[in-house]
Amino acid sequence: MTLAVLSDVVKRYDQKLTVDHVNFNIEEGEIFGLLGPNGAGKSTTISMICGLLKYDSGEIRIDGISVKEHPIEVKRRIGLVPQDLALYANMTAAENVRFFGKLYGLRGSLLKERTEEALAFTGLSDRAKEKPSTFSGGMKRRLNIACAIMHRPKLIIMDEPTVGIDPQSRNHILESVKALNRLGSTIIYTSHYMEEVAAICDRVAIMDKGHIIACGTEKELRERVAHEEKIVVKATNITPGLISELGKHPRINRVEVVEDAVELYLPSSQSELQDILFIFSRHEGSIVSLHIEEPDLETLFLSLTGRTLRD
């Protein structure tokens, strides 16, 4: 069953097109990734889905309900974990969670039960009486999640939930996302970290400059660049002349220099390896290692836009 539908959604800021005729569906029970660099339009799209920002044209429906026509009904079905922390520093962790529970109409024993449940789920039971001002960045992110899941929403939206936190906290949040999904929640997960999206999402939409440039399972997206291989050559003495000659090779599509390595993109590596080795030798480039990588979401993004997700 389809839970969320975006049809030709458009948003402008001062005549600048921020979201440009975006279309995608999200099925009930899936983890849907929205991947793209900073400024791609991900957070704007999320704000429109939540009813926090009005869209100029198109339509968004959640559980069959129009966001534009019935924003309150839609908000009851959504739990939002915003990119910017939404916590009250002068309240304890438990008080923060209870506050958000009350906003959704929870009272009495149900409110108490859900508060304990949310704190336990996010691993914060033993810090319930402490204020978030004493928490690490990762713990604050987890408390943000606890507040968002209090009312057991059908759709949980996580907008860049791992920005600026340590690897251990990041892993804890990714495991929490998978656990919420196993409990029945449908999740939209936005990120500019390709490896996170690839690890947890059933389907991925890649966004850039307000457009959805690709959408599908990781396997489907990989197949779009299966015709292109990536060779990574670590070497010393990487000179402008070496890079120039590699770039002029008729079968090499792109050449990127990353620290002490040269990344080459070409249709088939096997037939060109001898040429590549010969070019390095001619320019006295001493090869330390060479390996061929399978195409991934980063490769797809580069193939479609000519730049990396970090640009």
Is the shortest distance from a Lys or Arg side-chain nitrogen in [X] or [Y] to a carboxylate oxygen in the other one below 4.0 Å?
X	Y	value
Lys68	Glu59	no
Glu220	Arg203	no
Glu95	Lys129	no
Asp63	Lys154	yes
Arg152	Glu117	yes

Centre of Tyr55's six-membered ring, under 6.0 Å away, within 45 degrees of the axis: is that where NZ or CZ of Arg12 sits?
no

Think Lys11 forms a cation-pi with Tyr13, using NZ or CZ under 6.0 Å from the six-ring centre and within 45 degrees of its axis?
yes

Working note: Ile157 + Cys50, criterion side chain to side chain contact (heavy atoms under 4.5 Å, CB included); need CA distance, chi angles, decisive distance, verdict.
CA-CA 9 Å; Ile157 300 175; Cys50 295; 3.6 Å; yes

Side chains of [X] and [Y]: is there a donor and an acceptor less than 3.5 Å apart?
X	Y	value
Glu256	Tyr265	no
His21	Asp8	no
Thr92	Glu130	no

Does atom CD (Glu27) have a neighbourhood of more than 12 heavy atoms from anything else shown, all under 6.0 Å?
yes

More than 12 heavy atoms of other residues, nucleotides or ligands under 6.0 Å from NZ of Lys209: is that the case?
no

If we check side-chain contact (heavy atoms from CB on, under 4.5 Å) with [X], which of these qualifies: [options]?
X	options	answer
Ile26	Ile188, Leu34, Ile62	Ile188
Phe135	Lys140, Arg142, Arg141	Lys140
Thr186	Glu28, Arg77, Met1	Glu28

Would you kindly confirm whether [X] and [Y] end up in one hydrophobic cluster when ILVMFWY residues are joined by side chain heavy atoms under 4.5 Å apart?
X	Y	value
Leu6	Val67	yes
Val163	Leu85	no
Leu103	Leu111	no
Ile78	Met48	yes
Val232	Leu246	no

Quick check: closest heavy atoms across [X] and [Y], and the distance to 0.1 Å?
X	Y	answer
Asn237	Glu284	ND2-O, 2.9 Å
Ser43	Asp159	OG-OD2, 2.9 Å
Val197	Gly33	CG1-CA, 4.3 Å
Pro267	Asn253	CD-ND2, 3.9 Å
Asn144	Asp84	ND2-O, 4.3 Å
Ile187	Val177	CD1-O, 3.3 Å

Side chain to side chain contact (heavy atoms under 4.5 Å, CB included), that's the test. Do Thr45 and Lys42 meet it? Break it down for me.
CA-CA 5 Å; Thr45 300; Lys42 303 187 303 297; 5.8 Å; no

Whether Tyr88 and Phe99 hold their rings parallel, tilted or perpendicular, with breakpoints at 30° and 60°
perpendicular

Note, Thr115 side chain near Leu119 side chain (heavy atom, < 4.5 Å):
yes

Quick one: pull up NZ in Lys102 and CZ in Arg98 and give me the separation to the nearest 0.5 Å.
7.0 Å

Audit row: Ile149, Ile156, side chain to side chain contact (heavy atoms under 4.5 Å, CB included) steps and yes/no:
CA-CA 8 Å; Ile149 64 176; Ile156 299 172; 3.8 Å; yes

Glu259 and Lys234: salt bridge (Lys or Arg N to Asp or Glu O under 4.0 Å), yes or no, with the steps?
CA-CA 9 Å; Glu259 296 178 351; Lys234 286 193 174 184; over 6 Å; no

